[in-house]
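Accompanying notes for the structure given below.
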Amino acid sequence: MTITALGYIGLGTEHIEAWRDFATAIMGVQAIDYPDGSLRLRYDEQPWRILVTPAEAPDLFLLGWEVAGPAEMATTIARLAAAGVAVERGSRELAADRDVEDLAVFTDPAGLRCELFWGGRLACRDRFVSPAGVAGFVTGEQGMGHLAVSTPRPDKAIGFYQDVLGFRLSDFIDLPLSPDLTLPITFLHCNPRHHSIAFAPAPGPHTLIHAMVQMTTIDDVGLAYDRVRNAGVPVSITLGRHSNDHMFSFYCRSPDGLEIEIGADARVIDDATWRPRRYDQISLWGHAFTAPPPPPSSSPSAHDRQTFPPSEEQ
Ligand SMILES: [Fe+2]
């Protein structure tokens, strides 16, 4: 086993100011301005967990994968090299920007920039305080949350993450989209969080299917749901509980149309007893799809419509 957690992610946005409001007023996380024009979203003892930066095409563009230390980093780099993956050592400047001791950069089979790092800095006296009164977020050994990623060849990504990076199979869901269309989703874990990443061949405007942050209480999820509805932010999937990770959650749209899942009360995996299963539904109850998919990000008219709070027709 090599990777220990999804430490951080990066999202590109065309609407940095709207993202500031969305992060603080809806998600209840801190949004910190950095000199490079990015926002860093903070919701635990680390300086930040989500980097939000201006980009022409809003999407997930960065995954920060944590390893335990320099020895594990060397081992993982060797495994990547043996698999024929080009790995570049990160500069001191990049490590300082990411608030880590050392890092290396490679591209995964889904085409995503991955940063392998160890030694994330902890902000000991600058305590996280939620601007929306959220009691807290589940991070620590479980990392920043989880991602679902679209790729034309999920088999390649799944094989790479298991064989090279040491992820274990959590389970599968066959999501029925219509009577003759089913979306297969594969979930992988690298710590007790049920999954840090899932892959599906989902057609859509973004590589990111959704990013999830986990609150410590279901009441905080309910309060976030109230904030979303009161602000007119589109709820794309209503409250429900997922079949595989048991996450109690809902999904809403960020200012760029990227899906954000806000959840709580998920179960964790004990590898000694866990057995992967295949589920025929994505949820035990709820999770009704309510909003149409966002328009393709390549459409200028779609960009022009992005506001915060987003308009009803989105
Ligand atoms: Fe999720």
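Read the numbers this way: they start at 1 and go in the same order the structure lists the ligands and their atoms.
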Kindly say whether Asp44 contributes a backbone atom to a donor-acceptor pair with the side chain of Arg42 at under 3.5 angstrom?
-> yes
Are the side chain of Ser130 and the backbone N or O of Gly28 linked by a donor-acceptor pair below 3.5 Å?
-> yes
Output, by chain and residue number, all protein N/O/S atoms separated from the Fe ion (ligand 1) by less than 2.8 Å.
-> His146 NE2, His210 NE2, Glu261 OE1
Check whether NZ of the Lys or CZ of the Arg Arg40 lies under 6.0 Å from the centre of the six-membered ring of Tyr34 and within 45 degrees of that ring's axis.
-> yes
Side-chain donor/acceptor of Asp256 to backbone N/O of Glu14, under 3.5 Å = yes
Pairs in or reaching into residues 223-233: which pass salt bridge (Lys or Arg N to Asp or Glu O under 4.0 Å), with residues at least two apart or in two chains?
-> none
Taking the six-membered ring for Trp and the full ring for Phe, Tyr or His, determine whether the centres of Trp65 and Tyr161 are under 6.0 Å apart.
-> yes
